[in-house]
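Okay, structure first, notes after.
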Number of protein chains: 2
Amino acid sequence: MGEAAAKQEKARGSAEGKAGERTPDRSNPRAQALLDAAEALLAETGYEGLSARAVAERAGVNKGLVFYYWGSTAELFEQVLERYYAAHKASLAESFAGEGSLRERVHEVIDVYLDFMETHRAYARIVQQQVSSGGPHVGLVRRHLSEVLGMTTAMLAEVTPESGPLAARHFHLSLSAVVINYFTYAPILGEGFWGTDPFGEEALAERRAHVHWVVDAWLAALER
Amino acid sequence: MGEAAAKQEKARGSAEGKAGERTPDRSNPRAQALLDAAEALLAETGYEGLSARAVAERAGVNKGLVFYYWGSTAELFEQVLERYYAAHKASLAESFAGEGSLRERVHEVIDVYLDFMETHRAYARIVQQQVSSGGPHVGLVRRHLSEVLGMTTAMLAEVTPESGPLAARHFHLSLSAVVINYFTYAPILGEGFWGTDPFGEEALAERRAHVHWVVDAWLAALER
DNA sequence: CATCGTTTTGACCACGAGGTCAAACTCGAA
DNA sequence: TTCGAGTTTGACCTCGTGGTCAAAACGATG
């Protein structure tokens with residue numbers, strides 16, 4: 001998808017439309033409005049709530065513009081997801097670059113991970129939806145997952161073997177599962193047997209403490 | 001839908017006078033064929049693949065029968081999910097009833113849990129779909145989750161406090177996350193950086209070893 | 001055979017999805 | 001003022017969805 005190529009179409013205005021392609025300007029306010037509307041909608045209602053109609057209406061814009069600017073709904077959503085993942089990766093990457101003992105660094109990563117989840121409450125749901133339903137954007141998820149896995153592996157290299165049940169990839173999967181599933185299950189948990197609101201401050205703090213405890217247990221066991 | 005339903009009620013009421021009930025016999029072979037077809041379809045293609053048309057076609061039966069026997073697609077799927085959960089709960093309940101030390105019992109539960117997952121490969125996907133997309137059957141999931149949580153809590157009662165970050169419910173959530181997420185992420189993992197087929201025998205055995213290691217680490221840490 | 005309740009069918013409906021398109025509009029440059 | 005590229009609109013298309021319904025087929029019972 002070369003967007004750079006599409007930029008310089010303007011020069012050949014009156015010449016001829018030989019390669020007569022469209023030149024929608026995605027920096028146009030309307031195009032951005034659509035993007036923002038899609039993002040908001042994604043956060044609020046999840047992937048299901050996304051439809052060309054809904055997004056256009058939300059943006060106060062004609063539905064046709066979705067296709068004029070973004071080609072298809074899939075492409076639009078891909079942009080939104082990309083934004084999301086980029087933000088996640090960025091915040092994680094920073095935490096990975098921290099200093100200190102392994103334990104300190106791991107805890108830092110967890111905190112940042114949890115912070116992101118708490119701030120972007122729809123994130124967990126969106127990722128899980130894509131993953132578990134084999135949505136059209138699994139490729140994106142895979143790429144993202146792959147990159148983050150790389151960071152984890154590097155960080156844990158000093159204590160985990162390269163293969164086998166204690167390989168870093170297993171811990172990455174397990175840890176992210178422990179983190180992410182709380183947020184996807186929270187709405188269900190809340191209405192009933194969890195007691196308090198799982199998204200309440202105390203509940204989140206308690207869960208955070210649990211996750212920290214969990215990795216401490218792992219690190220302690222790994223040191224043998 | 002509400003208006004349509006109302007219309008229908010009126011029509012029926014005036015036409016038949018009394019509480020016009022249907023008397024579809026759900027033990028009818030066709031009704032069962034529909035149920036089986038839905039189950040197969042659910043396992044193969046997940047919740048998305050389920051549609052009245054698809055199910056009927058699969059069962060070699062007219063689409064109208066779906067509504068004649070089951071009232072609505074939602075009700076049909078509910079039956080299927082109920083079956084699924086019942087099977088899961090049954091197998092788990094048996095394992096919970098085992099004897100031996102706490103550690104032995106926990107490992108037994110995990111093995112049974114993993115066995116079930118390996119046998120019913122669509123299970124993880126289905127549950128996660130329902131949970132993460134707030135599907136129409138979350139209620140079912142909640143009930144199921146609640147029951148299984150009860151078992152875990154009882155089992156862990158001797159080592160975990162009743163509240164706080166080390167409460168049994170946290171471990172339940174974390175453990176089931178570690179177990180279930182492998183199966184939802186496996187398809188993604190496979191195509192790329194996991195190396196071998198995540199559903200292959202060795203990979204599954206390796207993951208199983210990892211999960212066992214994980215809970216051993218937890219139990220060890222809890223014993224202080 | 002005739003009857004009557006149950007079962008089965010296929011045509012049909014409304015709706016919302018993604019997507020297309022020609023016509024209308026906008027607005028800067030010639 | 002005219003032109004034309006880029007933009008915007010609304011009508012329209014196809015498809016698949018859940019769901020309805022009248023009529024036909026079936027099956028036991030009188």
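Reminder, nothing fancy here: chain letters follow the sequence lines and each chain counts from 1. In this text, all values refer to a predicted model and were calculated from it rather than measured experimentally.
The ring of B/F183 has its center no closer than 6.0 angstrom to the ring center of B/Y123. For A/H210 and A/Y182, the ring centers sit 6.0 Å or farther from each other.
Nucleic acid contact for B/R53: base, since at least one base atom lies under 4.0 Å from a heavy atom of the residue.
Protein atom CG of B/L41 is 15 Å distant from nucleotide atom C1' of D/dT17, rounded to whole Å. Residue A/L34 contributes atom CG, which lies 12 Å from atom C1' of D/dT8 at whole-angstrom precision. Here the C1' atom of nucleotide C/dT6 and the CZ atom of B/R30 are 13 Å apart, to the nearest Å. Nucleotide D/dA11 holds its P atom 21 Å from the OH atom of A/Y68, rounded to whole Å. Spacing between atom CG of B/D25 and atom C1' of C/dG5 amounts to 13 Å, rounded to whole angstrom units. Computed from coordinates, the A/R26 CZ to D/dG6 P distance equals 16 Å when rounded to whole Å. To the nearest angstrom, P of D/dC26 lies 14 Å from CG of B/N62. When rounded to the nearest whole Å, the span between CH2 of B/W70 and P of C/dT8 equals 13 Å.
Taking the six-membered ring where the residue is Trp, A/H107 and A/H212 present parallel rings, their angle staying beneath 30° rather than reaching 60°.
Judged by the 6.0 Å and 45° rule, A/R30 forms no cation-pi pair with A/Y69.
Comparing C/dT9, D/dG10, D/dT7 by their nearest atom to the side chain of A/N28 picks out D/dT7. Comparing atom distances between the B/Y69 side chain and each of C/dA17, C/dT8, C/dT9 picks out C/dT8 as nearest. Closest to the side chain of B/A52, from the set D/dG18, C/dT8, D/dG19, is D/dG18. In this structure, the nucleotide among D/dG19, C/dA17, D/dT9 sitting nearest to the side chain of A/L65 is D/dT9.
Between A/R83 and A/L35 the shortest heavy-atom distance is NH2-CD2, 3.0 Å.
For D/dT17, the OP1/OP2 oxygens have a side-chain nitrogen or oxygen of B/S51 closer than 4.0 Å.
Map A/F67 and B/K63 each onto its nearest nucleotide of DNA chain C; the residue landing nearer the 5' end is B/K63.
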